[in-house]
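Counting starts at 1 for both ligands and their atoms, in listed order. The residues of the chain are indexed from 1 along the displayed sequence.
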Amino acid sequence: MLKGKVVVLGVTGSIAAYKAADLASKLAQAGASVDVVMTPSATEFVTPLTFRSLTPGSVVVDMFEAAIEHVELARRADVVVVAPATATTIARLAHGLAEEMVSLTVLATKAPVLVCPAMDSQMFENPATQANLETLRARGMTIVGPEMGRLASGRMGAGRLPDSETILGAIRYVLGRGGDLAGRKVVVTAGGTREPIDPVRYVGNYSSGKMGYAVAEAARDRGADVVLVSAPTALATPSGVRLVSVQQAAEMRDAVVGECRDAQALVMAAAVADYQPSATAEQKMKRHTETLSLELTRTPDILAEAGKGFVRVGFAAESEELVANARRKLESKGLDLIVANDITGPESAFDADTNRVVILDRAGGEERLPVMTKYEVAQRILDRVVELLAKGS
Ligand SMILES: Cc1cc2nc3c(=O)[nH]c(=O)nc-3n(C[C@H](O)[C@H](O)[C@H](O)COP(=O)(O)O)c2cc1C
């Protein structure tokens, strides 16, 4: 997705400028061609040499001394990312100034622009900064962050530069806008539901949510409008994805049914509890008896209630008779595809970053994939979803 893309990274004079080095490095590792433009103030915080060492691309500070034409990088860019963006630079961009390389490049480019503000919270909250950001938004630029947290001044507030992963996600989102899922709404479920026993305990499962989050990211990277209905996980919300947080199967059902009304695809990667406690104790249960029986009731069948008229993909995590059990589920639930994974192998265990799956379809087809990262598996599933959408199913 980032392979072969030209990312022009604009670095400005914020205390967070050192984080841009990590971003440049991660972009280069992801296969992007990275050129860096810096304001003179940025070089007070981090040297051009840092970026020259991290990426083979150009690093330009002085437009009058540059070895390339002053608008060359603006023309070459697939995306321009200003990270961190100071209040001063944001004001320059809002006013169309071009007095140093970062604002000149933004003014001269036709590529999408991401602006990642980083500053003290009082500078960020100032009406001048807010109005300038609104101007940039209205012109179609994407504003990423800032995040809440501890600032360089020691105060808590909004002003922190988001981490590199979040900015990378936003770049992927912007670059994916013209992808083969552009204009399609994809609903993805993830995580393991929690069915409450009492105020402190629940019936749960080992699902990490990684597979569903990978599907959400991959769909976003192909231009889809993604809604991620997620049970609790330890994962960060992918940029550009709308998160609906739920706990129980019944809440997940409500969210999925609502979201699927105008969706073109549903990918159910969540590990939904099959049973929930028949009653939830109002107070914390005490350890009085030697044994304790818990009565369980079947949870709603989300796929059955989600409706029809869109591509429906289920997952089957099995510990035995993988393909036979998955095919039974595909047929009984009337799915278009089912992704079967054998949870007994280390490469496809619950918390693993890889998976080994078989994709079964309605026509009896069985696509056996080798061990891949969950993101790669997600892309292969979405290849099939795109095929089905093209056929109009
Ligand atoms: C130690 C220090 C840290 C600074 N950090 C920030 C910052 O995080 N965000 C910001 O908007 N300005 C910050 N400034 C002020 C900018 O460096 C200053 O406004 C500068 O003119 C920005 O220029 P530029 O946008 O051309 O890089 C800081 C200044 C100093 C001295």
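In terms of N/O distances under 3.5 Å, ligand 1 is not approached by E100. Residue A16 has no N or O atom closer than 3.5 Å to an N or O atom of ligand 1. Any N or O atom pair closer than 3.5 Å counts here, and T12 shares no such pair with ligand 1.
In the vicinity of M119, heavy-atom distances shorter than 4.0 Å reach the ligand 1 atoms 7 (C), 8 (O), 9 (N), 10 (C), 11 (O). Numbered from 1 in the order shown, with element, the atoms of ligand 1 that lie under 4.0 Å from a heavy atom of T89 read 24 (P), 25 (O), 26 (O).
For atom 1 (C) of ligand 1, the nearest non-hydrogen atom of the protein is F45 CE2, 3.9 Å. Protein heavy atom at the shortest distance from atom 20 (C) of ligand 1 is S41 OG, 3.7 Å. Counting only heavy atoms of the protein, atom 19 (O) of ligand 1 lies nearest to T88 OG1, 3.1 Å. Shortest contact from atom 8 (O) of ligand 1 to any protein heavy atom: S14 OG, 2.8 Å. Atom 17 (O) of ligand 1 has G13 O, 2.6 Å as its closest protein atom, hydrogens excluded (heavy atom only). Among protein heavy atoms, the minimum distance from atom 5 (N) of ligand 1 is reached at I15 N, 3.3 Å. Remark: minimum distance from atom 11 (O) of ligand 1 to any protein heavy atom is reached at A87 N, 2.8 Å.
Of all the listed residues (E44, R92, M123), R92 holds the heavy atom that lies closest to atom 26 (O) of ligand 1.
Within a 6.0 Å sphere centred on OH of Y202, heavy atoms belonging to other residues, nucleotides or ligands number 12 at most. In Y173, the OH atom is not crowded: 12 or fewer heavy atoms of neighbouring residues, nucleotides or ligands sit closer than 6.0 Å. Few gaps surround CD on E99; more than 12 heavy atoms of other groups in view lie less than 6.0 Å from it. For CD of E69, the number of neighbouring non-hydrogen atoms (other residues, nucleotides, ligands) closer than 6.0 Å is greater than 12.
With sequence neighbours excluded, the residues forming a side chain to side chain donor-acceptor pair (under 3.5 Å) with E295 are S278, listed by chain and number. In this structure, the side chain to side chain donor-acceptor pair (under 3.5 Å) partners of K26, at least two apart in sequence or on a different chain, are D22.
Considering V227, L266, I302 in turn, L266 is the only one that fulfils the side-chain contact (heavy atoms from CB on, under 4.5 Å) rule with C260. For the side-chain contact (heavy atoms from CB on, under 4.5 Å) with M101, the qualifying choice from D62, V106, V8, V37 is V37, the only one to do so.
If you look at A118 next to ligand 1, the close heavy atoms, those under 4.0 Å, all belong to the backbone.
The presence of a protein heavy atom under 4.0 Å from atom 31 (C) of ligand 1 is ruled out.
Under 4.0 Å is where a charged nitrogen must lie from a carboxylate oxygen, and between D353 and K210 at least one such pair does.
Between R75 atom CZ and H70 atom NE2 the span is 8.0 Å, to the nearest 0.5 Å.
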